[in-house]
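For reference, the structure is listed below as structure tokens.
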Amino acid sequence: MKTKVTVQDIADCLHLSRITVSKALNNSPNVSEETREMVLRKAREMNYKSVPYSALSDEPPDTGQSKSFAFVMQMNPDAFHIGSGIMAQLEQEIRKKGYSLTLHTITEQDISSMSLPANLNENKVAAAICLEMFHPEYSRLICSLGIPVLFIDACVHFRSLRPRSDLLLMENRSSVHKMLTAVYEKHPFSTMGFVGDIDHCLSFRERYEGFLLAAVSCGIETQPYHMIAPDRHYGEPGWMLRQLQNMEKLPDLFCCANDALAQMLIQNLRDFGRRVPEDVMVCGFDGISFMNPAMNCLTTVNIPCRELGACAARLLFQRMPVPDKIHTVTYVETEICLRNTTR
């Protein structure tokens, strides 16, 4: 059932074009005062919440100072998650323009009922940032709020959803390709495998594609050395060790979809009596410091969390005056760190 009013709904009611209505809602000088007032009043009648109240004489002005940016996640980020750095910088940037940042954790119940979290007040939200929102239909729900939405990473088939939102990613494909190529140039090897759920998210899929590009460009064999399986298996006690035991021969290098998987793999390799990097090299992706000091020796790709936060704020402030402008995908540059786990 459709519950959110769109620009097209207002245009249909007034027999105007969508472009004209959008210009009126965004206070464009190319619209007559009569048309603008007609559009604004109809928008108010239809409960379209992005109406600029200052243009209506019977409504108090709203400077946006009391509004917030909603930071939406499916988990609360800890100190070792990229979300912490992103949120810290994002909050600094939006406070400069009078906005606050609110955190909203999406539960399994919210997803099953397709409902917003109780602490998300739609009337107080000027924009939304979704970090690691990998559920397709819930992503559609957030996009239906009638406000600018920015996804930082997304579900694998995000583009096929055709959401009315922007997408911010780190360099996944090219960074993995560069990292593996750099390792190969220093220590040529002949076999490697990928570890991770390539359907987990768009970033994991792009990292796998970068892995395949490196295999082709360096002539490295990849079969049958993969540990590609649904997410749930990696947390099962003994599952990863059994995968290692079932391999006829281990590859020269394992490329993991993130650092957490790399940490898990290194421990399982040790349990299997294999040394890193002497017997098997390991690399990850994220560059987030772990409580385990040994992980500071991991070859990985550093994600610039604060730069992501600053970029997210900039993209949303650019989007807010022109909500119907063509939506974009932005990639943030990353840094390759070659360390001890690849010799």
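As the structure is a computational prediction, the values presented were derived from the model and not from experiment.
- Clustering ILVMFWY residues whenever any of their side-chain heavy atoms sit less than 4.5 angstrom apart, transitively, puts Ile147 in a cluster other than the one holding Val322.
- Between Arg319 and Lys325 the shortest side-chain heavy-atom distance falls below 4.5 Å.
- In this structure, Val329 is not a member of the same hydrophobic cluster as Val156, with clusters built from ILVMFWY side-chain heavy atoms closer than 4.5 Å.
- The side-chain heavy atoms of Cys130 and Ile152, taken from C-beta on, include no pair separated by under 4.5 Å.
- Closest of all the heavy-atom pairs between Phe134 and Cys155 is O-CB, 3.3 Å.
- Across all non-hydrogen atoms, the minimal contact from Ser190 to Ile220 is O-CG2, 3.4 Å.
- Note on Phe211: it clusters hydrophobically with Ile198, by side-chain heavy-atom contacts below 4.5 Å among ILVMFWY residues.
- Here the shortest heavy-atom pairing between Pro323 and Arg164 reads O-NH2, 4.3 Å.
- Contact annotation: the side chain of Val195 approaches that of Met240 to within less than 4.5 Å [non-hydrogen atoms, C-beta and beyond].
- Donor-acceptor pairing under 3.5 Å is recorded for the side chains of Glu93 and Gln89.
- The closest donor-acceptor contact from the side chain of Ser175 to the backbone of Asn172 lies at 3.5 Å or more, if one exists at all.
- By the 4.5 Å heavy-atom criterion applied to side chains, Cys255 and Leu180 are counted as neighbours.
- Looking at Tyr225, its side chain never comes within 3.5 Å of a backbone N or O of Lys249 through a donor-acceptor pair.
- The heavy-atom pair separating Ser113 from Ser115 by the smallest distance is OG-OG, 2.7 Å.
- Judged by the 6.0 Å and 45° rule, Arg274 forms a cation-pi pair with Phe272.
- More than 12 heavy-atom neighbours from other residues, nucleotides or ligands sit within 6.0 angstrom of CD on Gln245.
- Counting only distance, with no hydrogens or angles, the side chain of Asn258 and the backbone of Cys256 share no donor-acceptor pair below 3.5 Å.
- Following chains of ILVMFWY side-chain contacts shorter than 4.5 Å, one can reach Leu308 starting from Leu103, so the two form part of one hydrophobic cluster.
- Remark: the backbone N or O of Phe285 is paired with a side-chain donor or acceptor of Asp259 at under 3.5 angstrom.
- Of all non-hydrogen atoms in Leu145 and Leu116, the two that sit nearest each other are CD2-CD1, 3.7 Å.
- Inspection of the Tyr331 and Glu206 side chains reveals an N or O donor paired with an N or O acceptor under 3.5 Å.
- Scanning both residues, Thr300 and Gly284, for their nearest heavy atoms gives OG1-C, 3.4 Å.
- Open room surrounds CD on Glu333; 12 or fewer heavy atoms of other groups in view lie less than 6.0 Å from it.
- Between the side chains of His187 and Thr342, no donor N or O sits under 3.5 Å from an acceptor N or O.
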Exercise. Does the pair Thr107 and Asp110 meet the rule for a side chain to side chain contact (heavy atoms under 4.5 Å, CB included), with working shown?
Worked result: CA-CA 5 Å; Thr107 65; Asp110 292 331; 3.1 Å; yes
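- A donor and an acceptor atom, one from each side chain of Asp271 and Gln267, are located under 3.5 Å apart.
- Crowding of Arg95 atom CZ: a count of heavy atoms from other residues, nucleotides or ligands under 6.0 Å not exceeding 12.
- Residues Thr328 and Leu167 form no side-chain contact, since every pair of their non-hydrogen atoms from C-beta on lies 4.5 Å or further apart.
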Problem set entry | side chain to side chain contact (heavy atoms under 4.5 Å, CB included) assessment of Asp197 paired with Ile228 | CA-CA 5 Å; Asp197 180 0; Ile228 298 174; 5.6 Å; no
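- Taking the ring centre of Tyr99 as origin, the terminal cationic atom of Lys67 falls outside the region bounded by 6.0 Å and 45° from the ring axis.
- When ring centroids are compared, Phe71 and His104 stay outside the 6.0 Å threshold.
- Taking the six-membered ring where the residue is Trp, the centroids of Phe151 and His327 are separated by 6.0 Å or more.
- Using a distance-only test at 3.5 Å, with no hydrogens or angles considered, a donor-acceptor pair links the side chain of Asp9 to the main chain of Thr6.
- Taking 4.5 Å as the limit, some side-chain heavy atom of Pro304 sits within range of a side-chain heavy atom of Thr334.
- Between the side chains of Ser68 and Ser100, no donor N or O sits under 3.5 Å from an acceptor N or O.
- Proximity of Leu269 to Arg275: side-chain heavy atoms (C-beta onward) are nowhere separated by under 4.5 Å.
- Proximity of a side-chain donor or acceptor of Arg207 to a complementary backbone N or O of Ala257 within less than 3.5 Å is detected.
- Side chain of Thr105 to backbone of Met73: no donor-acceptor contact under 3.5 angstrom is found.
- Put simply, the side chain of Leu316 does not reach to within 4.5 Å of the side chain of Asp166, judged on heavy atoms.
- Ring geometry, Tyr208 versus Phe194: the interplanar angle exceeds 60°, so the pair is classed perpendicular (tilted spans 30 to 60°).
- Of the possible donor and acceptor atoms, one in the side chain of Asp252 sits under 3.5 Å from a partner among the backbone N and O of Thr191.
- Although no hydrogens or angles enter the test, the distance criterion places a donor-acceptor pair under 3.5 Å between the side chain of Asn268 and the main chain of Met264.
- Here the side chain of Arg339 pairs no donor or acceptor atom with the backbone of Cys297 at under 3.5 angstrom.
- Under the 4.5 Å side-chain heavy-atom criterion for Ile, Leu, Val, Met, Phe, Trp and Tyr, Ile82 and Met179 are members of the same hydrophobic cluster.
- Put simply, CG on Leu150 and OG1 on Thr330 are 8.0 Å apart, with the number rounded to the nearest 0.5 Å.
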